[in-house]
Amino acid sequence: MRWSQTLIPTLKEAPADAEIVSHQLLLRAGLCRKLTGGLYTFCPMGLRVLRKIERIIREEMDRAGALEVLMPALQPPDIWQKSGRYETARDVLYKAKDRSNKEWVLSPTAEEVITTLASTEINSYRQLPLNFYQISVKFRDEIRPRFGLMRAKEFIMKDAYSFDGTDEGAMASYRKMYDAYSRIFARCGLQAFPVEADTGVIGGNYSHEFMVPAETGENEVVYCESGQYSANVEKATSRGPLTPTPTTTTGAAPEKFATPGVVTIDALAAAPYGVSAASQVKTLIYLADNKPVIILVRGDDQLNEAKLAGKLGATAFRPATADEILAVMGARPGSLGAVTATRKALDIRVFADEQLRQARGMTTGANEDGFHLRHVDVERDIKVDVWADLRTVVAGELCVTTGLPLKIRRAIEVGHVFKLGTKYSEKLESSFLDTDGQRRPTVMGCYGIGVTRTLQAVIEQCHDKDGILWPMSVAPYQVLLTPLGAPGTPTAVLAQEYYVQLQAAGVEVLIDDRDERPGFKFKDADLIGIPLRVSIGEKSLAKGEVELKPRGGALRAVPKDKAVDEVLAFVRESLSKLA
RNA sequence: CGGGACGUAGCUCAGCCUGGUAGAGCACCUGGUUUGGGACCAGGACGUCGCAGGUUCAAAUCCUGUCGUCCCGACCA
């Protein structure tokens, strides 16, 4: 492609609304343009990258035995009601109405549609296993679109859905996708690694996310340096807090003491009270489907809402407001407690973190403003309905498997694999006749890759101060020819010869045929990040040489007759590293 | 939805406090000089100052409302 004949709208300065570097480079390198918040138009260069990532995904999905299909983005709401997600996913669903006022759903994923297909088309164990995938536009009514393509209202996703006859089969399908994902991201030149994940609103019982480490990532990953454990912080566990929970008791009954104005864990830990945070019980009130529940965690622990969501079994939950808390508990936040004897209403379920199971000699709110209780033995004094792991892991705690200190880092989620089980197949009636003639629900898995997000994640991981450094496998063009003289001069003529020869050899080549000064071309070249630049200038040409400059690497002069072969070798070698 | 910031040329921003003339740099067009890391000179084009009300002789500037964008929190590929 000739630079002068395409649209590469590079920008010297980043638009003010681009915050993170990958978003800035996305715009500065002319890959795409914002239409409005969360919606972007892909320009030719951006689309080329997108297509390359899609191609890698297709190759690996096909290799893993998945079948490509294409499902409607516009979907009838009744199948969403059947699966229950019309309610549980309500907040992210875009809805549209047609001329007869009938409502439609714009697809954020396609479990309902694929399961509908499976319900009519899969009837026998002989057809299984099957795995369908598609690459298509998805819609999500994001509360806050941000960071360019990272979190958009509309984005491109690869979604796959496996159907098996048995749980073991489903595990094998899951494993295949897991392996395919590892290859896909590696081939894109991305350092992505799998972590154990929470299953969220999609449901299911086994899941990994593929994470790209990045300071700007929206996820926190807990990991052990041994490499034997890594998990999303929403899911992560450890051997427990570094400070042990008190377990000794005097046997004394709970004793009320005045704590005027003390409404925080820290205040109670300070003088004159001196009650360490580890020996306090934190009492939180949530509304789960509008019914209050009491949550207990140790004073210095943070409630993990993802873990709570898994135990609550509610379609929606949120922290109660101060007024709601007062109405339910008869006291204000800061003085709350779950000790049965002090509770106003006893029909509220109590969820307690496992850390508190043996806890004795604890201090907690007295359910009366300005008072706390000491000598609380949790199991003796509090009627707990559900014991569960509800706390958030803190860096430095010990790994459950290795005993080494855990670390935490931020990351971008680019892929997610779930073992779904029979949740959707039961609700949407996908079943088959087994060898014994029994009708059984298919066992499903679902597997997503954020394609547009992956594109931006590559930029986030592969850039320097001057611009993007595309991996050869996803670069919009493999080679950039930069003649430094004006059109018609010997440098331009030679560049044109290279252009023809390289194209004939199957190389994707961009030639900067603009009548610009060398410095200007170099700056743009660095910005758009084509992996190999060939500079043809009069000075080196006088010596019979041209220059090869890998983006991010050292410049090398080569005889002008050898240049094409050198370029071919470089491209081939770069691609083989990412095969 | 809660908290914060901001809407002035295609982009980055100044002007607003203290009301009166629409500004700079980059980009764009024309001509010339330049030509190995975002050149220079001369000329030119580009604005309903987000929108709607209000105050005023007079509003980019003050007031009210509204829409939009961005940042922090809850959601997720």
Side-chain angles (χ1 to χ4, degrees), chain A residues 9-20 23-24 27-28 30 33-34 36-39 57 88-93 108-110 135-160 181 192 197-202 209-212 217-219 232 234 305-306 309 316-319 321 412-418 446-457 466-467 482-487 489 491 514-527 533 535-542 546-547 549 555:
Chain A
T10 57
L11 256 24
K12 201 165 181 174
E13 289 171 294
D17 56 8
E19 188 73 8
I20 65 174
H23 186 194
Q24 293 172 349
L27 298 168
R28 285 192 56 211
R33 283 292 181 265
K34 182 170 82 170
T36 183
L39 296 172
I57 293 172
T88 55
R90 184 179 43 209
D91 290 346
V92 300
L93 279 186
T109 66
I135 297 177
S136 63
V137 174
K138 298 293 185 293
F139 300 89
R140 227 162 263 189
D141 189 359
E142 288 291 342
I143 301 165
R144 179 148 88 92
R146 63 177 141 177
F147 300 149
L149 302 176
M150 286 293 185
R151 177 178 300 278
K153 294 180 197 292
E154 182 188 306
F155 57 98
I156 296 177
M157 181 163 96
K158 187 285 303 177
D159 45 329
Y181 275 35
D198 179 61
T199 48
V201 70
I202 294 181
E209 288 164 335
F210 283 78
M211 294 289 197
V212 174
E218 297 184 83
N219 295 269
N232 193 307
E234 295 176 342
E305 287 198 348
F317 71 97
R318 60 171 175 83
T321 65
I412 299 162
E413 180 191 354
V414 288
H416 202 159
V417 292
F418 287 91
C446 74
Y447 318 94
I449 291 179
V451 183
T452 37
R453 180 181 286 181
T454 298
L455 186 159
Q456 195 174 332
D466 296 314
T482 311
L484 302 181
T489 60
T491 65
R514 298 173 300 173
D515 188 9
E516 293 288 353
R517 300 159 61 87
F520 187 91
K521 291 186 177 186
F522 292 150
K523 286 291 184 189
D524 259 357
D526 289 344
L527 185 55
R533 187 181 86 206
S535 298
I536 303 112
E538 279 172 30
K539 286 180 187 169
S540 45
L541 206 51
V546 297
E547 289 158 355
K549 172 76 170 64
L555 188 136

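Chain identifiers are assigned alphabetically (A, B, ...) following the order of the sequence lines, protein sequences preceding nucleic acid strands; residue numbering begins at 1 within each chain.
- Of all nucleotides present, only C13(B) satisfies the Watson-Crick or G-U wobble test against G23(B), with each distance under 3.5 Å.
- The backbone N or O of Tyr181(A) sits nowhere less than 3.5 Å from a side-chain atom of Tyr447(A) that would complete a donor-acceptor pair.
- The side chain of Met157(A) lies closest to A77(B), out of G36(B), C13(B), A77(B).
- With hydrogens and angles ignored, a donor-acceptor pair under 3.5 angstrom links the side chain of Glu547(A) to the base of G36(B).
- The partner of A5(B) is U69(B), by the rule that a Watson-Crick or G-U pair needs both atom distances under 3.5 Å.
- The aromatic ring of Phe155(A) sits over the base of A77(B), with ring centres less than 5.5 Å apart and planes inclined by under 30°.
- G47(B) sits 14 Å from G7(B) when the C1' atoms are compared, rounded to a whole Å.
- Closest of all the heavy-atom pairs between Ala192(A) and Val414(A) is CB-CG2, 4.5 Å.
- Here Ala18(A) lies out of heavy-atom contact (under 4.0 Å) with every strand.
- Checking A74(B), G38(B), U12(B) against the side-chain heavy atoms of Glu305(A) singles out A74(B) as nearest.
- Residue Ala152(A) is in base contact, counting any heavy-atom pair closer than 4.0 Å across all strands shown.
- Spacing of C1' atoms, A74(B) relative to G3(B), comes out at 13 Å, to the nearest Å.
- When rounded to the nearest whole Å, the span between NZ of Lys549(A) and C1' of G36(B) equals 13 Å.
- The same atom, C1', is picked in U66(B) and in C6(B); the two are 16 Å apart, to the nearest Å.
- If you take NZ of Lys12(A) and P of C28(B), they are 10 Å apart, rounded to a whole angstrom.
- Going from atom CD of Glu234(A) over to atom C1' of A74(B) covers 12 Å, rounded to whole Å.
- Heavy atoms of Phe147(A) sit under 4.0 angstrom from primed sugar atoms or phosphate atoms, though from no base atom.
- Within the 3.5 Å criterion, the main-chain N or O of Ile156(A) finds a donor-acceptor partner in the side chain of Thr452(A).
- Between the P atom of G10(B) and the NZ atom of Lys34(A) lies a distance of 15 Å, rounded to the nearest Å.
- No engagement by Gly448(A) is indicated, since no non-hydrogen atom pair under 4.0 Å with the nucleic acid exists.
- Under a 3.5 Å cut-off, the side chain of Arg140(A) and the backbone N or O of Pro108(A) do form a donor-acceptor pair.
- Going from atom CZ of Phe520(A) over to atom C1' of U34(B) covers 15 Å, rounded to whole Å.
- Separating the P atom of C13(B) from that of C70(B) is a span of 14 Å, rounded to the nearest Å.
- Rounded to whole Å, the separation between the C1' atoms of C62(B) and U55(B) comes to 8 Å.
- Nucleotide C40(B) holds its C1' atom 14 Å from the CD atom of Glu516(A), rounded to whole Å.
- The residue Asp141(A) sits apart from the nucleic acid: no heavy atom pair falls under 4.0 Å.
- Nearest nucleotide to the Glu19(A) side chain, out of A77(B), C11(B), C71(B): C71(B).
- Base pairing of U30(B): its partner is A42(B), meeting the Watson-Crick or G-U wobble criterion (both donor-acceptor distances under 3.5 Å).
- Atom P of nucleotide C26(B) and atom CG of Leu527(A) are separated by 19 Å, given to the nearest angstrom.
- Side-chain N/O atoms of Arg140(A) and base N/O atoms of C76(B) include no donor-acceptor pair closer than 3.5 Å.
- The side chain of Arg517(A) lies closest to U35(B) when the candidates are U35(B), C76(B), G37(B).
- If you take atom P in C26(B) and the same atom in A39(B), they sit 10 Å apart, rounded to whole Å.
- Among the protein residues, Asp17(A) comes within range of the sugar-phosphate backbone only, with heavy atoms under 4.0 Å from sugar or phosphate atoms but none that close to a base.
- For Arg151(A), no side-chain nitrogen or oxygen approaches OP1 or OP2 of C76(B) to under 4.0 Å.
- In this structure, A58(B) makes no Watson-Crick or G-U wobble pair, since no nucleotide meets both defining distances under 3.5 angstrom.
- Thr36(A) comes within 4.0 angstrom of the backbone, heavy atoms only, and of no base.
- Out of G37(B), U12(B), G36(B), the shortest distance to the side chain of Ser540(A) is found at G36(B).
- One atom, CZ of Arg533(A), and another, C1' of G37(B), lie 8 Å apart when rounded to the nearest Å.
- Asp466(A) comes within 4.0 angstrom of no nucleic acid atom, judged by non-hydrogen atoms across all strands.
- Nearest heavy-atom pair, Lys153(A) versus Gly37(A), reported as atom, atom and distance to 0.1 Å: CE-O, 3.0 Å.
- In this structure, the side chain of Gln456(A) engages the main chain of Met150(A) through a donor-acceptor pair within 3.5 Å.
- Smallest separation of non-hydrogen atoms from Arg33(A) and Gly30(A): NH1-CA, 4.1 Å.
- With both pairing distances under 3.5 Å, G47(B) is matched to nothing as a Watson-Crick or G-U wobble pair.
- At the heavy-atom level, Arg28(A) lies under 4.0 Å from base atoms of the strands shown.
- The phosphate of A77(B) has neither OP1 nor OP2 within less than 4.0 Å of any side-chain N or O from Thr109(A).
- Glu209(A) comes within 4.0 angstrom of no nucleic acid atom, judged by non-hydrogen atoms across all strands.
- The base of G73(B) does not come close enough to the side chain of Arg146(A) for any donor and acceptor atom to sit less than 3.5 Å apart.
- Contact annotation: the side chain of Ser136(A) approaches that of Asp159(A) to within less than 4.5 Å [non-hydrogen atoms, C-beta and beyond].
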